[in-house]
Each structure stands twice: as C-alpha cells, then as structure tokens.
Amino acid sequence: MLIKALKLKPVTKEYIWGGRKLKSEWGKEADTATVSESWELSDFPGSESVIDDEMYPGYTLGKLYEKHPEFFGDKIRDFKRFPLLIKLVDAGKDLSVQVHPNDEYAAANEGGSYGKTECWYVLDADPDSYILLGFKRDVTREELKTALENGTVTELMNKIYVKPGDFYFVPAGTVHALCKGVTVLEVQENSNITYRLYDYNRTDKDGNPRKLHIKEALEVANLSAYVPEAQKEYRDFIYGKVRKLCSCEYFKIKEVQFNDLYIMYAFDGFAAFTVAEGEGKLLKEDAPNANADGVPFKKGDTFFVPRGAMVRLVAPHGKIIITEI
Ligand code: ZN
C-alpha cells in the first residue's frame with residue numbers, strides 16, 4: 001500500500017480567450033504569454049497530465065492504473081474510461097456561449113465519447129466579473145434560435161456576479177459561458193465535446209470566426225429555467241472548516257480549510273486535491289512530527305491520492321478542493 005500523494009504535472013492549453021493569471025498567480029509554466037487552461041488531472045488521449053514524483057516519474061494515470069489498479073479503488077470499474085478531468089481555467093476574455101451533450105447523446109453522436117457535466121469552483125474573480133449560466137426563464141427552441149440569429153442570447157441567460165469560493169454546478173445541457181476575469185477550478189467528465197452557440201461575432205488572428213454548432217446545440221440545450229443552488233454552508237471540524245460542494249453520479253467535491261495540519265484519508269477510492277490557498281508541505285510517510293521535511297505544495301498544485309493513503313498537509317493556513325468519484 002502506498003501512503004503518499006503524488007504530485008501531477010499538468011498540460012497547458014491556449015485558446016483565443018486565455019488570461020495571464022495561470023502563469024502569474026497559479027504557478028503554471030507555458031511558452032505562451034497567456035494560458036487558457038491547465039489540465040491538472042487528465043487522462044484525456046493526447047493531453048495526459050503526468051506524475052511528478054520520483055516514485056513514478058512521468059507516469060500517466062493510465063500507466064499508473066495498469067501497474068497499480070489497487071490505487072484507484074473499486075468504483076472506477078463502473079466507468080468504461082477514466083472518468084474525471086480536473087482543470088484550472090482562466091478567462092482573460094469571455095468564453096463563447098456553449099453547451100455540452102449528456103452521455104447518451106455523446107455516445108450516439110460523438111463516437112462513444114462521454115458527455116460533459118461540469119462544475120466550477122471560483123478561485124479568483126476580478127471586480128464585477130460574472131458567469132452566464134442557464135436561462136432566466138423557460139424558453140422555446142424557436143425563441144432561442146431567433147436570439148442566436150439576433151445576437152441577443154445572453155439576454156435570456158442568468159448573469160451571475162461571482163467571487164472566490166463560489167461554486168456552480170453545470171449539468172450537461174445547460175447553456176453557459178465563463179466570462180472575462182473569472183478563474184475557476186473546473187471538475188468535469190473526461191470529455192472535450194463543446195457545442196458553441198454564440199461567439200460574440202469574434203474572429204481569430206486570421207480574421208475567421210470560430211465554428212458554431214447550432215444544430216447540435218439546439219438538440220442538446222436544456223430550455224427550462226435554471227435556478228442555481230444557494231452556496232453551501234461550512235461546518236467546523238477538528239482541523240478547521242469544511243463544505244460539501246457537490247455530489248453527483250460523476251464526482252463528489254468538498255472544500256477544506258485548515259490551520260497548521262490536515263490529515264486526509266482516501267479510504268474508499270482514489271482522490272485528488274487542488275490547492276486553492278496557502279503554501280506548505282506534505283509530510284513524508286515516516287515523518288515523526290510536523291517539523292520533519294516534506295514535499296512542498298503551493299497554490300495551484302494538484303495531487304493524486306491513491307486509495308488507502310493517509311496524507312498529512314502542514315501549512316499555517318490552507319484551502320484545498322478534494323475531488324473523488
Ligand atoms: Zn463548459
């Protein structure tokens with residue numbers, strides 16, 4: 001049994017809307033000036049994050065699973081492919097208004113891919129920054145079509161001003177856009193299928209508009225009003241305070257804030273955590289006490305926690321987001 005957490009080295013992506021914060025604030029390295037996304041925990045073909053630890057250096061999650069399926073627990077066998085994708089996303093500009101299909105639609109129309117239910121934990125938000133999430137009221141397909149033609153679709157949507165710590169669930173079929181100045185931790189199904197409905201009539205560096213996918217989007221969009229859930233409350237526990245953020249068929253997510261020490265267990269299956277605040281160390285398994293050496297962690301880092309691991313995090317203050325399946 002392995003009782004340590006394994007640091008992950010992400011894959012960065014740059015699209016036309018990336019910002020500068022993933023490099024300047026969140027410790028990501030890239031050749032590009034701006035970075036849109038950092039795929040922190042990814043086994044997506046061609047975009048795999050790898051383990052940055054001397055024990056399994058450069059391993060993808062797929063390779064780790066081949067060698068050590070016991071690190072992943074039992075539930076992963078319910079999925080035909082690795083189920084999770086965890087990213088940091090920094091909107092330097094507005095993202096297109098988009099929608100993702102559910103599993104059934106993606107399986108039938110996208111070569112057996114997963115659909116994409118996702119959620120956002122807001123890490124950083126400029127003043128007055130917002131997201132667009134679902135429709136304010138029920139709309140008809142005709143109404144949506146007309147709004148797309150007239151460039152008025154955003155008027156039909158919930159405009160939600162956000163602040164760090166806010167959490168939003170974006171089930172497949174919900175029309176949405178992450179907008180300028182918002183940085184999130186995104187937890188999603190392991191899928192990259194996006195149908196773009198509206199791109200603000202923008203063009204790329206060659207003067208071409210990005211492709212829209214109106215037909216598919218109209219087929220999968222949920223046209224009912226979307227009422228976002230209230231933000232969850234904290235409860236105190238031995239190390240600080242904790243909040244359950246989400247529990248759905250694809251992932252369970254919680255936020256933990258601690259002072260000095262937090263001991264995390266992954267009893268049932270594997271877990272991953274991303275550091276939202278703070279800087280400290282993970283004690284080695286044989287460390288006699290909190291003064292011993294450890295593996296450093298800082299804001300923006302993501303670790304894979306094998307099943308059965310007990311991980312001790314030491315920091316004056318820390319906030320981590322834990323994801324399990
Ligand atoms: Zn999305």
Side-chain angles (χ1 to χ4, degrees), residues 10-19 22 35-42 44 47 83-106 109-110 113-125 129-135 144 148 153-154 156-160 162 166-200 202 210-214 216-224 226 228-229 245-246 248-251 253 274 321 323:
V11 178
T12 57
K13 306 266 179 185
E14 176 47 5
Y15 309 116
I16 65 170
W17 47 262
L22 293 187
V35 179
S36 294
E37 299 183 347
S38 167
W39 292 27
E40 295 286 315
L41 176 124
S42 166
F44 193 86
S47 299
L84 273 184
L85 179 52
I86 301 179
K87 301 172 177 173
L88 303 184
V89 184
D90 179 31
K93 302 191 179 92
D94 294 341
L95 273 73
S96 60
V97 175
Q98 54 188 254
V99 66
H100 310 294
N102 62 19
D103 291 341
E104 292 71 39
Y105 187 95
N109 298 282
E110 299 286 355
S113 169
Y114 285 146
K116 184 167 161 186
T117 284
E118 66 189 42
C119 58
W120 298 331
Y121 179 89
V122 178
L123 293 169
D124 192 11
S129 57
Y130 58 87
I131 58 173
L132 298 170
L133 185 56
F135 296 115
L144 175 55
L148 291 172
V153 64
T154 60
L156 296 174
M157 299 174 68
N158 291 304
K159 179 176 181 179
I160 303 170
V162 298
D166 287 349
F167 178 84
Y168 292 96
F169 187 56
V170 189
T174 310
V175 176
H176 62 276
L178 199 62
C179 297
K180 179 179 156 67
V182 183
T183 308
V184 299
L185 175 72
E186 179 174 283
V187 178
Q188 57 160 100
E189 293 183 76
N190 186 9
S191 165
N192 202 25
I193 298 182
T194 295
Y195 300 139
R196 211 175 278 136
L197 289 103
Y198 178 61
D199 201 29
Y200 317 96
R202 288 185 294 203
R210 294 198 294 172
K211 189 175 178 345
L212 300 178
H213 319 85
I214 306 289
E216 295 85 350
L218 288 172
E219 280 172 5
V220 307
N222 182 345
L223 301 174
S224 304
Y226 185 83
E229 271 182 64
L245 298 171
C246 167
C248 71
E249 62 187 293
Y250 306 109
F251 33 74
I253 306 172
T274 301
I321 311 302
T323 305

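For ligands, and for the atoms within them, numbers begin at 1 and follow the listed sequence.
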field: Any residue meeting side-chain hydrogen bond (donor to acceptor under 3.5 Å, both in side chains) with Tyr198, in chain and number order, not counting sequence neighbours
entry: none
task: Measure the shortest side-chain to side-chain distance between Ile253 and Tyr121 over non-hydrogen atoms and say whether it is less than 4.5 angstrom.
output: no
- request: For the residue pair Leu185 and Phe167, establish whether any side-chain heavy-atom pair is separated by less than 4.5 Å.
  value: no
Distance filter under 2.8 Å, centred on the Zn ion (ligand 1) - protein N, O or S atoms that pass it: His100 NE2, Glu118 OE1, Glu118 OE2, His176 NE2
task: Using a 4.5 Å cut-off on heavy atoms from C-beta on, say whether the side chain of Glu216 contacts that of Ile193.
output: no
- request: Would you mind telling me which of Glu186, Glu189, Glu40, Glu118 makes a salt bridge (Lys or Arg N to Asp or Glu O under 4.0 Å) with Lys87?
  value: Glu186
task: Kindly indicate, with the supporting measurements, whether the criterion side-chain hydrogen bond (donor to acceptor under 3.5 Å, both in side chains) is fulfilled by Tyr168 and Asn158.
output: CA-CA 12 Å; Tyr168 292 96; Asn158 291 304; over 6 Å; no
